[in-house]
Number of protein chains: 2
Amino acid sequence: MDEFALISRFFSRPTPNSVLGVGDDAALIAPTAGMQIAVSADTLVEGRHFFADVDPVALGWKSLAVNLSDMAAMGAIPRWFTLCLSLPRADAAWLEAFAEGLFALAEQHGVELIGGDTTSGPLTISIQILGEVAPGKALRRDSACDGDDIWLSGPTGAAAMAVCHRYGKLRLDEDDLAYCAERLDRPQPQIALGHALVGLAHAAIDVSDGLLADLGHIAQRSGLAATVKLADLPLPPLSDEACALPQFDHCLLAGGDDYQLCFTAPVQARPAIVALGARLALPLARIGNFSTGRGVHLLDANGQALRLASAGFNHFND
Amino acid sequence: MDEFALISRFFSRPTPNSVLGVGDDAALIAPTAGMQIAVSADTLVEGRHFFADVDPVALGWKSLAVNLSDMAAMGAIPRWFTLCLSLPRADAAWLEAFAEGLFALAEQHGVELIGGDTTSGPLTISIQILGEVAPGKALRRDSACDGDDIWLSGPTGAAAMAVCHRYGKLRLDEDDLAYCAERLDRPQPQIALGHALVGLAHAAIDVSDGLLADLGHIAQRSGLAATVKLADLPLPPLSDEACALPQFDHCLLAGGDDYQLCFTAPVQARPAIVALGARLALPLARIGNFSTGRGVHLLDANGQALRLASAGFNHFND
């Protein structure tokens, strides 16, 4: 099957929200009058971001999920995306499954695939996503204020535990593994939350490099210090045995890949945020606050400072 | 050097035409009121689109050039792009050279790098580009009309001759090689031409898969037949020996990578197009016409139909 047949068979879907979709030198879109466009791009590489034997349905889902998550972290409504796919060979069954996962999530959020390309090469997936947000309303990393609460959309760490299990570094029981693997393979981008936080939150980031590392990005760009209370972190619903594993704390604090939203908001916004959590059925947790200073500080239950060996995940450093 | 340091050292440049550039979950841009956005994405893979020992300055240039060329083919003004770069290792000298070539071309066209990511993996470069075009004015592939002339912005074939030389399939002398290598390594996207053709031309495509294959895309989407006169094709300024090589005709008709623009326009537009060629100092050539029917037809100097063994370049078929 040639490239054009492949693209048209698996990746051509109706694009009612675009002027011109897949199949020309470029797609054409008409932005909503007065809105700004949020633009982000992320790549997944075999052996780096996923295992060679990954379920292609899950991979299609996740490839889009990590990009949707960036839109959530800006408070933007995702609308269009392009897909650049390098494949070792044109395997119709694999492509059909990949497209199934990709479009399942795309349709959930009403985002349209409008272009990209398919080429032969090592398995690499680059998605670029475009969303819309009102001028001045985006949830930027540089907008945290002194005194802001730090909130988290739900527990971190489970996806990293699944990675550790798959590398044989620890052993999870069946229930724990099922939970953790679902977090790793089919993360749920927090689009509705991000959008609802516009006007309520100050700064936001999605947790992809690890909670402390990502909080560090907000702290650095906002010129403030973040303080997190370990005892206030929401924990994934795992067995006591799993939570007692020596890797657990590191996964909780430095594991990426769950794609929770971490955001800051003024103290006065607490009731509105609690109500939002109830409305969206999300376990929003208040985990610390911002203050003058710099860096990220972790406190134990007694308010004593804790040190971490490593503060996150970095593509050229681990 | 870690990922964040790499990105900030080589890929952070001022972005005066963006609301927010590199460094957040997404960039923010404010489209010009009333304009549509043209969106395109292309990937270059080592061993597939370039040789492993390619000069990184040329590679940076070319990675952006192929994407700018898609904007030219739509008549759009390129404005912003994202870069997803997979690299086997973080080599500062290589990255500096790559960034030099990339930004040399970006600055020529006033386009801004606003996001993307860097990850470790096999050398793969995906660029997504955004441009602006007035509603209803884009040069689409489906807009050729019965009776339209077919025009080409300049000679094809030289880049493909350079590829043949580098693979050892033919031997070019020093002057021929210098010319062909420049076409292959540093193609000039026809942005000014594409933009000037808005309102003048009907359909356009950039020649990346080979002249006949790309003309076939216009023919297919416009529901018409393209007829090309071999004797009217502009020839690259190579020695008689090079033009007599058995691969020459195939390179001319089926070689991609020169990134010429091929466009269609009504007969009445001839004087305006000739004047445009003079103004832009481009050797615009009229090479055939569209008529009712289907497919691409090649005629010799006597008007006799010619057959081609292969009509282009296809990523999973050769």
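Reckoned from all heavy atoms, side chains included, excluding hydrogens, waters and symmetry mates. The chains referred to below are lettered A, B, ... by the order of the sequence lines, with proteins before strands, and numbering in each begins at 1.
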Using heavy-atom distances under 4.5 Å, tell me whether Ala73(A) contacts chain B through its side chain, its backbone, both, or neither. both
For chain B, find which of Cys84(A), Ala138(A), Ala33(A) contributes the most heavy-atom pairs closer than 4.5 angstrom. Cys84(A)
Side chain from CB out, backbone as N, CA, C, O: work out which of these in Leu44(B) comes under 4.5 Å of a heavy atom of chain A, or both, or neither. neither
Would you say that more than 12 heavy atoms from the other residues, nucleotides or ligands in this model lie under 6.0 Å from the NE2 of His195(A), or not? no
With a 4.5 angstrom heavy-atom cut-off, which part of Ile205(B) approaches chain A: side chain, backbone, both or neither? both
Atom pair OG (Ser126(B)) and CD (Gln128(A)), whose distance is rounded to the nearest 0.5 Å: 6.5 Å
Selection from Ile114(A), Asp142(A), Leu28(A) maximising heavy-atom pairs under 4.5 Å formed with chain B: Leu28(A)
Rounded distance (nearest 0.5 Å) linking atom CG of Leu123(A) with atom CZ of Arg89(A): 9.0 Å
Atom group of Thr43(A) that falls short of 4.5 Å from chain B, counting heavy atoms: both
With a 4.5 angstrom heavy-atom cut-off, could you sort out which part of Leu20(B) is near chain A: side chain, backbone, both or neither? side chain
Glu96(A) and Phe10(A), any side-chain heavy atoms less than 4.5 Å apart: yes
Please report the interatomic distance CG(Asp42(A)) to CG(Asp117(B)), rounded to the nearest 0.5 Å. 5.0 Å
By a 4.5 Å heavy-atom criterion (distance strictly below it), what part of Met71(A) contacts chain B: side chain, backbone, both, or neither? side chain
For a 4.5 angstrom cut-off between non-hydrogen side-chain atoms, does Glu112(A) reach Pro16(A)? yes
Classify the ring geometry of Phe263(A) against Trp151(A): parallel below 30°, tilted from 30° to 60°, perpendicular beyond 60°. parallel
So, the part of Ala204(B) with a heavy atom under 4.5 Å from chain A: the answer is backbone
